[in-house]
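These notes concern the structure reproduced below.
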Amino acid sequence: MRARAQLRVELAELDAKIADLAKQDDVCRLMMTMPGVGRIVALTVKAAIDDPTRFVRSKDVGPWVGLTPRRTQSGEMDIVGQITRAGDRALRTALYQAAMILMHRGSPNWLQAWALRVAHRRGSKRALIALARRIGVVLHRMWRDGTPFRHAQSCPATV
């Protein structure tokens with residue numbers, strides 16, 4: 001029981017350090033304006049991407065993380081399968097967790113409505129992957145522009 005209590009104390013200390021890191025960083029605070037993105041997701045995105053100017057377009061973040069469908073083409077066959085899983089595994093996991101929270105617990109916004117439409121058309125698993133990819137794109141664009149997340153989309157073709 002003492003060992004468990006000591007582990008809980010150490011976990012609380014680590015959690016406080018993570019909270020301080022995210023609170024002191026302007027980029028992390030900006031990213032946390034999006035529903036579903038917390039301290040750990042914001043810190044993971046910032047650490048993995050490191051320099052937002054390395055991507056010419058925000059849409060390049062999805063393939064870099066490995067959240068695009070894998071294609072196998074041979075002759076007349078064209079199989080669209082699972083995601084490629086290329087890139088940073090921690091970032092892919094963090095974006096997927098943010099998508100889960102946004103889809104099931106997040107406050108209503110245009111991104112959640114988009115994901116629910118995709119889920120209705122294509123199924124919930126594909127919608128979660130598509131939402132995770134889109135969260136990465138939106139977070140990168142927010143970082144580049146320095147704008148907080150808008151709950152109501154002003155123009156349908158912005159992302």
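Owing to the predicted nature of the structure, the values given are computational and were not obtained by experimental measurement. Just so you know, residue 1 is the first one in the sequence shown, and it goes up from there.
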Does a side-chain heavy-atom distance below 4.5 Å link [X] with [Y]?
| X | Y | value |
| --- | --- | --- |
| L131 | M100 | no |
| L139 | V61 | no |
| M142 | T33 | yes |
| D60 | H140 | no |
| M34 | V41 | no |

For the [atom1] atom of [X] and the [atom2] atom of [Y], what is their distance to the nearest 0.5 Å?
| X | Y | atom1 | atom2 | result |
| --- | --- | --- | --- | --- |
| L128 | H104 | CG | NE2 | 5.5 Å |
| D25 | L43 | CG | CG | 7.0 Å |
| I40 | I18 | CD1 | CD1 | 5.0 Å |
| Y96 | M103 | OH | CE | 9.5 Å |
| H151 | S107 | NE2 | OG | 4.5 Å |
| R144 | T53 | CZ | OG1 | 6.5 Å |

Just by modelled atom types, is the [Y] backbone N or O under 3.5 Å from a matching donor or acceptor in the [X] side chain?
| X | Y | result |
| --- | --- | --- |
| R133 | L67 | yes |
| R85 | G66 | no |
| W143 | K46 | no |
| R92 | A86 | yes |

Can you name the nearest heavy-atom pair linking [X] to [Y], along with the distance?
| X | Y | answer |
| --- | --- | --- |
| N109 | P35 | ND2-CG, 3.4 Å |
| A132 | A99 | N-CB, 3.7 Å |
| A98 | V37 | CB-CG2, 4.4 Å |
| A127 | A115 | CB-O, 3.6 Å |

Identify whether [X] and [Y] are in the same connected component of the hydrophobic contact network (ILVMFWY, side-chain heavy atoms under 4.5 Å).
| X | Y | result |
| --- | --- | --- |
| L95 | L116 | yes |
| V45 | I129 | yes |
| L91 | L102 | yes |

Query raised in the report: For the residue pair W110 and F149, does the interplanar ring angle fall in the parallel (under 30°), tilted (30 to 60°) or perpendicular (over 60°) class?
Result: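 Parallel.
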
Query raised in the report: Thinking salt bridges, do R54 and D51 make one under a 4.0 Å N-O criterion?
Result: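 Salt bridge between R54 and D51, a charged N being under 4.0 Å from a carboxylate O: no.
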
**Report entry** Salt-bridge contact R29-D26 (side-chain N to carboxylate O under 4.0 Å)
**Finding:**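 Judged by the 4.0 Å cut-off on N to carboxylate O distance, R29 and D26 do form a salt bridge.
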
For residues 1-11, run the donor-acceptor check on the side chains, cut-off 3.5 Å, and write out each pair with its distance to 0.1 Å, sequence neighbours left out.
unit_1, atom_1, unit_2, atom_2, d
Q6, NE2, E10, OE2, 3.3

Requested in this report: Would you check, one step at a time, whether the test side-chain contact (heavy atoms from CB on, under 4.5 Å) holds for V27 with M31?
Outcome: CA-CA 6 Å; V27 174; M31 288 182 190; 3.6 Å; yes

Query raised in the report: Which residues satisfy the side-chain hydrogen bond (donor to acceptor under 3.5 Å, both in side chains) test with R121, sequence neighbours excluded?
Result: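 Checked R121 against side-chain hydrogen bond (donor to acceptor under 3.5 Å, both in side chains); zero matches.
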
